[in-house]
There are 2 protein chains.
Amino acid sequence: MKTYSISEAANELNLTAYALRYYDKEGLIPFVERTASGTRRFKEADLDALKIIECIKSTGMPIKEIKHFIDWCLEGDATLQQRYEMFVERKARVEAQMEEMKKTLEIIEHKCSYYKTALEAGTEDIHKNPKLEFPQY
Amino acid sequence: MKTYSISEAANELNLTAYALRYYDKEGLIPFVERTASGTRRFKEADLDALKIIECIKSTGMPIKEIKHFIDWCLEGDATLQQRYEMFVERKARVEAQMEEMKKTLEIIEHKCSYYKTALEAGTEDIHKNPKLEFPQY
DNA sequence: AATAGACTTTGAGTTAACTCTAAGATTTGA
DNA sequence: TCAAATCTTAGAGTTAACTCAAAGTCTATT
(Lines give C-alpha, C1' and ligand atoms only; values in the text may rest on other atoms or scores of the structure.)
Protein backbone atom coordinates (compact mmCIF):
# COMPACT_ATOMS: atom_id res chain seq x y z
CA MET A 1 0.00 0.00 0.00
CA LYS A 2 1.40 3.34 -1.05
CA THR A 3 2.30 5.80 1.67
CA TYR A 4 3.65 9.35 1.66
CA SER A 5 6.30 11.15 3.66
CA ILE A 6 5.26 14.42 5.26
CA SER A 7 6.62 16.52 2.40
CA GLU A 8 5.09 14.26 -0.23
CA ALA A 9 1.76 14.53 1.56
CA ALA A 10 2.16 18.29 1.83
CA ASN A 11 2.80 18.40 -1.89
CA GLU A 12 -0.28 16.35 -2.73
CA LEU A 13 -2.43 18.63 -0.59
CA ASN A 14 -0.85 21.96 -1.57
CA LEU A 15 0.18 22.54 2.02
CA THR A 16 3.57 22.79 3.70
CA ALA A 17 5.14 20.13 5.91
CA TYR A 18 5.12 22.80 8.64
CA ALA A 19 1.37 23.13 8.35
CA LEU A 20 0.85 19.37 8.54
CA ARG A 21 2.97 19.16 11.70
CA TYR A 22 0.96 22.04 13.10
CA TYR A 23 -2.28 20.20 12.32
CA ASP A 24 -0.86 17.15 14.06
CA LYS A 25 0.12 19.21 17.10
CA GLU A 26 -3.42 20.60 17.21
CA GLY A 27 -4.87 17.11 17.12
CA LEU A 28 -6.41 17.25 13.65
CA ILE A 29 -4.71 14.10 12.33
CA PRO A 30 -4.43 11.58 15.17
CA PHE A 31 -4.92 8.79 12.63
CA VAL A 32 -1.61 9.29 10.84
CA GLU A 33 0.68 6.40 11.76
CA ARG A 34 4.41 6.45 12.41
CA THR A 35 7.31 4.15 11.60
CA ALA A 36 9.07 2.47 14.51
CA SER A 37 11.48 5.39 14.64
CA GLY A 38 8.76 8.03 14.68
CA THR A 39 8.51 9.20 11.06
CA ARG A 40 4.94 9.94 9.90
CA ARG A 41 3.61 7.78 7.06
CA PHE A 42 0.51 9.20 5.33
CA LYS A 43 -1.88 6.70 3.72
CA GLU A 44 -4.28 7.54 0.88
CA ALA A 45 -7.13 7.51 3.41
CA ASP A 46 -5.21 10.06 5.47
CA LEU A 47 -4.93 12.34 2.47
CA ASP A 48 -8.67 11.93 1.86
CA ALA A 49 -9.38 12.84 5.48
CA LEU A 50 -7.11 15.88 5.14
CA LYS A 51 -9.03 16.94 2.04
CA ILE A 52 -12.20 16.91 4.12
CA ILE A 53 -10.43 18.91 6.82
CA GLU A 54 -9.36 21.47 4.19
CA CYS A 55 -12.92 21.58 2.91
CA ILE A 56 -14.32 22.27 6.38
CA LYS A 57 -11.57 24.82 6.96
CA SER A 58 -12.50 26.65 3.77
CA THR A 59 -15.98 27.22 5.19
CA GLY A 60 -14.35 29.37 7.85
CA MET A 61 -14.30 26.92 10.73
CA PRO A 62 -11.28 27.46 12.99
CA ILE A 63 -8.89 24.59 13.61
CA LYS A 64 -9.89 24.22 17.27
CA GLU A 65 -13.48 23.56 16.25
CA ILE A 66 -12.44 21.14 13.54
CA LYS A 67 -10.64 19.26 16.30
CA HIS A 68 -13.97 18.72 18.04
CA PHE A 69 -15.22 17.09 14.88
CA ILE A 70 -12.16 14.82 14.74
CA ASP A 71 -12.72 13.91 18.38
CA TRP A 72 -16.33 13.03 17.57
CA CYS A 73 -15.13 10.84 14.72
CA LEU A 74 -12.88 8.96 17.12
CA GLU A 75 -15.74 8.51 19.58
CA GLY A 76 -17.79 6.62 17.02
CA ASP A 77 -21.52 6.24 16.47
CA ALA A 78 -22.49 8.01 19.69
CA THR A 79 -21.60 11.32 18.05
CA LEU A 80 -23.37 10.86 14.71
CA GLN A 81 -26.00 13.44 15.63
CA GLN A 82 -23.42 16.13 16.46
CA ARG A 83 -21.52 15.47 13.26
CA TYR A 84 -24.67 15.59 11.18
CA GLU A 85 -25.68 18.88 12.78
CA MET A 86 -22.22 20.27 12.20
CA PHE A 87 -22.43 19.62 8.46
CA VAL A 88 -25.97 20.99 8.26
CA GLU A 89 -24.73 24.13 9.96
CA ARG A 90 -21.70 24.32 7.63
CA LYS A 91 -24.03 23.98 4.65
CA ALA A 92 -26.08 26.94 5.85
CA ARG A 93 -22.90 28.90 6.42
CA VAL A 94 -21.57 28.24 2.92
CA GLU A 95 -24.92 29.15 1.37
CA ALA A 96 -24.91 32.43 3.29
CA GLN A 97 -21.34 33.11 2.18
CA MET A 98 -22.34 32.51 -1.41
CA GLU A 99 -25.19 34.99 -1.09
CA GLU A 100 -22.79 37.55 0.38
CA MET A 101 -20.36 36.89 -2.41
CA LYS A 102 -23.04 37.49 -5.03
CA LYS A 103 -23.66 40.94 -3.59
CA THR A 104 -19.94 41.61 -3.47
CA LEU A 105 -19.63 40.58 -7.10
CA GLU A 106 -22.40 42.95 -8.13
CA ILE A 107 -20.68 45.88 -6.45
CA ILE A 108 -17.33 44.94 -7.98
CA GLU A 109 -18.92 44.63 -11.42
CA HIS A 110 -20.49 48.02 -10.96
CA LYS A 111 -17.05 49.44 -10.13
CA CYS A 112 -15.59 47.78 -13.22
CA SER A 113 -18.04 49.57 -15.47
CA TYR A 114 -17.66 52.79 -13.48
CA TYR A 115 -13.91 52.77 -14.12
CA LYS A 116 -14.26 51.54 -17.69
CA THR A 117 -16.45 54.54 -18.50
CA ALA A 118 -14.19 56.93 -16.61
CA LEU A 119 -11.16 55.52 -18.40
CA GLU A 120 -12.81 56.01 -21.80
CA ALA A 121 -13.70 59.58 -20.86
CA GLY A 122 -10.21 60.15 -19.46
CA THR A 123 -11.68 61.48 -16.23
CA GLU A 124 -13.75 60.39 -13.31
CA ASP A 125 -15.64 63.70 -13.49
CA ILE A 126 -18.32 62.22 -15.75
CA HIS A 127 -19.59 60.30 -12.73
CA LYS A 128 -19.46 63.19 -10.33
CA ASN A 129 -22.72 64.33 -8.88
CA PRO A 130 -22.32 68.08 -8.28
CA LYS A 131 -24.37 67.71 -5.10
CA LEU A 132 -21.75 65.41 -3.60
CA GLU A 133 -18.66 67.21 -2.51
CA PHE A 134 -16.66 64.02 -2.06
CA PRO A 135 -15.71 61.24 -4.48
CA GLN A 136 -17.44 57.96 -3.71
CA TYR A 137 -14.48 55.88 -4.91
CA MET B 1 -25.87 67.60 6.73
CA LYS B 2 -26.01 64.63 9.06
CA THR B 3 -22.75 63.35 10.49
CA TYR B 4 -21.84 60.44 12.75
CA SER B 5 -19.51 60.04 15.71
CA ILE B 6 -17.04 57.17 15.52
CA SER B 7 -19.26 54.81 17.50
CA GLU B 8 -22.34 55.77 15.52
CA ALA B 9 -20.43 55.12 12.32
CA ALA B 10 -19.15 51.83 13.71
CA ASN B 11 -22.71 50.87 14.50
CA GLU B 12 -23.96 51.72 11.02
CA LEU B 13 -21.21 49.63 9.47
CA ASN B 14 -21.30 46.71 11.93
CA LEU B 15 -17.73 47.44 12.91
CA THR B 16 -16.16 48.57 16.19
CA ALA B 17 -14.84 52.05 16.90
CA TYR B 18 -11.48 50.35 17.50
CA ALA B 19 -11.53 48.95 13.99
CA LEU B 20 -12.35 52.35 12.49
CA ARG B 21 -9.46 53.96 14.36
CA TYR B 22 -7.25 51.14 13.13
CA TYR B 23 -8.37 51.77 9.55
CA ASP B 24 -7.60 55.44 10.05
CA LYS B 25 -4.14 54.64 11.43
CA GLU B 26 -3.52 52.44 8.39
CA GLY B 27 -4.52 55.25 6.04
CA LEU B 28 -7.74 53.77 4.72
CA ILE B 29 -9.95 56.74 5.57
CA PRO B 30 -7.94 59.95 5.05
CA PHE B 31 -11.13 61.69 3.93
CA VAL B 32 -12.83 61.63 7.35
CA GLU B 33 -12.83 65.16 8.74
CA ARG B 34 -12.33 66.29 12.31
CA THR B 35 -13.85 68.95 14.50
CA ALA B 36 -11.61 71.81 15.65
CA SER B 37 -10.76 69.78 18.76
CA GLY B 38 -9.91 66.61 16.85
CA THR B 39 -13.05 64.47 17.04
CA ARG B 40 -13.80 62.51 13.86
CA ARG B 41 -17.08 63.35 12.10
CA PHE B 42 -18.22 60.74 9.57
CA LYS B 43 -20.35 61.95 6.65
CA GLU B 44 -22.78 59.78 4.66
CA ALA B 45 -20.25 59.75 1.82
CA ASP B 46 -17.63 58.47 4.27
CA LEU B 47 -19.90 55.59 5.26
CA ASP B 48 -20.44 54.82 1.57
CA ALA B 49 -16.69 54.78 0.99
CA LEU B 50 -16.28 52.49 4.00
CA LYS B 51 -18.89 50.15 2.56
CA ILE B 52 -16.77 49.88 -0.58
CA ILE B 53 -13.71 49.26 1.56
CA GLU B 54 -15.57 46.47 3.37
CA CYS B 55 -16.63 45.07 0.02
CA ILE B 56 -13.05 45.00 -1.26
CA LYS B 57 -11.91 43.55 2.05
CA SER B 58 -14.44 40.73 1.75
CA THR B 59 -12.77 39.67 -1.50
CA GLY B 60 -9.69 38.84 0.55
CA MET B 61 -7.60 41.90 -0.17
CA PRO B 62 -5.38 42.84 2.79
CA ILE B 63 -5.66 46.30 4.29
CA LYS B 64 -2.21 47.36 3.10
CA GLU B 65 -3.25 46.73 -0.49
CA ILE B 66 -6.55 48.51 -0.04
CA LYS B 67 -4.49 51.48 1.08
CA HIS B 68 -2.82 51.56 -2.33
CA PHE B 69 -6.26 51.88 -3.86
CA ILE B 70 -7.15 54.74 -1.50
CA ASP B 71 -3.88 56.45 -2.43
CA TRP B 72 -4.75 56.06 -6.11
CA CYS B 73 -8.14 57.63 -5.45
CA LEU B 74 -6.43 60.62 -3.88
CA GLU B 75 -4.08 60.95 -6.84
CA GLY B 76 -6.99 61.45 -9.24
CA ASP B 77 -7.47 60.63 -12.92
CA ALA B 78 -3.84 59.64 -13.50
CA THR B 79 -4.55 56.36 -11.68
CA LEU B 80 -7.81 55.40 -13.39
CA GLN B 81 -6.10 52.55 -15.24
CA GLN B 82 -4.70 50.98 -12.06
CA ARG B 83 -8.02 51.25 -10.30
CA TYR B 84 -9.85 49.70 -13.22
CA GLU B 85 -7.38 46.84 -13.37
CA MET B 86 -7.68 46.31 -9.64
CA PHE B 87 -11.44 45.84 -9.89
CA VAL B 88 -11.13 43.56 -12.90
CA GLU B 89 -8.69 41.47 -10.92
CA ARG B 90 -11.00 41.47 -7.89
CA LYS B 91 -13.86 40.34 -10.11
CA ALA B 92 -11.81 37.36 -11.32
CA ARG B 93 -10.86 36.59 -7.74
CA VAL B 94 -14.45 36.59 -6.52
CA GLU B 95 -15.56 34.44 -9.43
CA ALA B 96 -12.83 31.92 -8.61
CA GLN B 97 -13.85 31.96 -4.96
CA MET B 98 -17.45 31.26 -5.95
CA GLU B 99 -16.33 28.29 -8.02
CA GLU B 100 -14.33 26.96 -5.09
CA MET B 101 -17.30 27.47 -2.81
CA LYS B 102 -19.54 25.48 -5.13
CA LYS B 103 -17.19 22.52 -4.86
CA THR B 104 -17.06 22.93 -1.10
CA LEU B 105 -20.84 22.99 -0.96
CA GLU B 106 -21.07 19.76 -2.93
CA ILE B 107 -18.75 17.97 -0.53
CA ILE B 108 -20.61 19.35 2.49
CA GLU B 109 -23.94 18.27 0.99
CA HIS B 110 -22.50 14.83 0.41
CA LYS B 111 -21.48 14.70 4.07
CA CYS B 112 -24.95 15.80 5.12
CA SER B 113 -26.53 12.85 3.35
CA TYR B 114 -23.77 10.54 4.54
CA TYR B 115 -24.54 11.40 8.16
CA LYS B 116 -28.30 11.46 7.60
CA THR B 117 -28.16 7.88 6.36
CA ALA B 118 -25.81 6.81 9.12
CA LEU B 119 -28.04 8.45 11.70
CA GLU B 120 -31.09 6.63 10.35
CA ALA B 121 -29.19 3.35 10.47
CA GLY B 122 -27.84 4.16 13.92
CA THR B 123 -24.33 3.41 12.78
CA GLU B 124 -21.69 4.63 10.39
CA ASP B 125 -20.87 1.04 9.49
CA ILE B 126 -23.34 1.03 6.59
CA HIS B 127 -20.91 3.29 4.74
CA LYS B 128 -17.82 1.31 5.61
CA ASN B 129 -15.94 -0.26 2.79
CA PRO B 130 -14.40 -3.46 4.21
CA LYS B 131 -11.32 -2.85 2.07
CA LEU B 132 -10.60 0.39 3.88
CA GLU B 133 -9.25 -0.11 7.34
CA PHE B 134 -9.79 3.48 8.33
CA PRO B 135 -12.89 5.67 8.51
CA GLN B 136 -12.95 8.40 5.88
CA TYR B 137 -14.79 10.83 8.15
C1' DA C 1 30.20 2.85 5.39
C1' DA C 2 29.75 7.47 4.66
C1' DT C 3 27.34 11.49 3.62
C1' DA C 4 23.51 14.23 1.88
C1' DG C 5 19.08 15.06 2.55
C1' DA C 6 14.77 14.44 4.94
C1' DC C 7 12.83 13.50 9.17
C1' DT C 8 11.94 14.53 14.34
C1' DT C 9 10.72 17.87 18.45
C1' DT C 10 10.68 22.10 21.08
C1' DG C 11 10.00 26.43 21.31
C1' DA C 12 10.44 30.98 19.45
C1' DG C 13 9.08 34.31 15.73
C1' DT C 14 5.82 36.27 12.27
C1' DT C 15 1.78 38.53 10.39
C1' DA C 16 -2.75 40.44 10.01
C1' DA C 17 -6.29 42.58 11.97
C1' DC C 18 -7.86 43.97 15.41
C1' DT C 19 -8.64 44.90 20.68
C1' DC C 20 -7.74 46.95 24.72
C1' DT C 21 -5.65 50.02 28.45
C1' DA C 22 -4.25 54.28 30.21
C1' DA C 23 -4.35 58.96 30.67
C1' DG C 24 -6.20 62.80 29.37
C1' DA C 25 -9.48 66.09 26.55
C1' DT C 26 -14.24 67.03 24.97
C1' DT C 27 -19.13 66.70 24.64
C1' DT C 28 -23.77 66.01 26.38
C1' DG C 29 -27.67 66.10 29.38
C1' DA C 30 -29.84 67.13 33.81
C1' DT D 1 -22.21 73.83 35.84
C1' DC D 2 -20.82 69.66 36.63
C1' DA D 3 -20.79 64.69 36.26
C1' DA D 4 -21.13 60.97 33.08
C1' DA D 5 -20.30 59.46 28.78
C1' DT D 6 -17.60 59.68 24.76
C1' DC D 7 -13.85 61.18 22.41
C1' DT D 8 -8.55 61.38 21.64
C1' DT D 9 -3.63 59.09 21.13
C1' DA D 10 0.12 55.90 22.03
C1' DG D 11 1.40 51.80 22.60
C1' DA D 12 0.84 47.15 24.48
C1' DG D 13 -1.73 42.71 24.16
C1' DT D 14 -4.38 39.07 21.66
C1' DT D 15 -5.42 35.37 18.46
C1' DA D 16 -5.08 32.32 14.61
C1' DA D 17 -2.47 29.90 11.71
C1' DC D 18 1.28 29.13 10.48
C1' DT D 19 6.63 29.46 9.85
C1' DC D 20 11.11 28.87 11.08
C1' DA D 21 15.53 27.70 13.62
C1' DA D 22 18.22 24.63 16.18
C1' DA D 23 19.83 20.38 17.40
C1' DG D 24 19.55 15.96 16.82
C1' DT D 25 17.99 11.32 14.38
C1' DC D 26 16.89 8.53 10.38
C1' DT D 27 17.03 7.05 5.56
C1' DA D 28 18.64 6.44 1.00
C1' DT D 29 22.25 6.35 -2.34
C1' DT D 30 26.54 5.96 -3.73
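Proteins come first, then strands; the chains are lettered A, B, ... in the order of their sequence lines, and each starts at number 1.
Nearest-nucleotide positions on DNA chain C for B/E54 and B/A36 put B/E54 closer to the 5' end. Comparing A/T39 and B/I6 against DNA chain D, the residue whose closest nucleotide sits nearer the 5' end is B/I6.
An OP1 or OP2 oxygen of C/dT9 is reached within less than 4.0 angstrom by a side-chain nitrogen or oxygen of A/R40. Phosphate proximity of C/dC7 to A/S37: absent, as no side-chain N or O sits under 4.0 Å from OP1 or OP2.
Every side-chain hydrogen bond (donor to acceptor under 3.5 Å, both in side chains) that A/K102 has, sequence neighbours left out, goes to A/E99. Listed by chain and number, the residues in a side-chain contact (heavy atoms from CB on, under 4.5 Å) with B/I126 are B/T117, B/A121 (sequence neighbours excluded). Take A/S5 and apply the side-chain contact (heavy atoms from CB on, under 4.5 Å) test, not counting sequence neighbours, and it matches A/S7, A/E8, A/R41.
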Show your reasoning for whether side chain to side chain donor-acceptor pair (under 3.5 Å) applies to A/E54 and A/Y23.
-> CA-CA 11 Å; A/E54 288 306 293; A/Y23 288 1; 3.0 Å; yes
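B/R34 comes within 4.0 angstrom of the backbone, heavy atoms only, and of no base.
Within residues 11-24 of chain B, the residues approached by DNA chain D to less than 4.0 Å at the level of any non-hydrogen atom are B/R21, in residue-number order. Using a 4.0 Å cutoff on non-hydrogen atoms, the parts of residues 57-68 of chain B near DNA chain C are B/K57, B/P62, B/I63, B/K64, ordered by number.
Although no hydrogens or angles enter the test, the distance criterion places a donor-acceptor pair under 3.5 Å between the side chain of A/T104 and the main chain of A/E100. Put simply, the side chain of B/D46 gets close to the backbone of B/K43: a donor and an acceptor are under 3.5 Å apart.
A donor and an acceptor atom, one from each side chain of A/T59 and A/R93, are nowhere located under 3.5 Å apart.
A 4.0 Å heavy-atom criterion places the boundary nucleotides of DNA chain D facing chain A at D/dA16 to D/dT27, written 5' to 3'.
Hydrophobic clustering (side-chain heavy atoms under 4.5 Å, transitive across Ile, Leu, Val, Met, Phe, Trp, Tyr) groups A/L105 together with A/M98.
Ring centroid separation for the pair A/F31 and A/F42 does not come in under the 6.0 Å cut-off.
Salt bridge annotation for B/R40-B/E33: absent, with no cationic side-chain nitrogen under 4.0 angstrom from a carboxylate oxygen.
Between A/Y114 and A/H127, the angle of the ring planes stays under 30°, which puts this pair in the parallel group of the 30/60° scheme.
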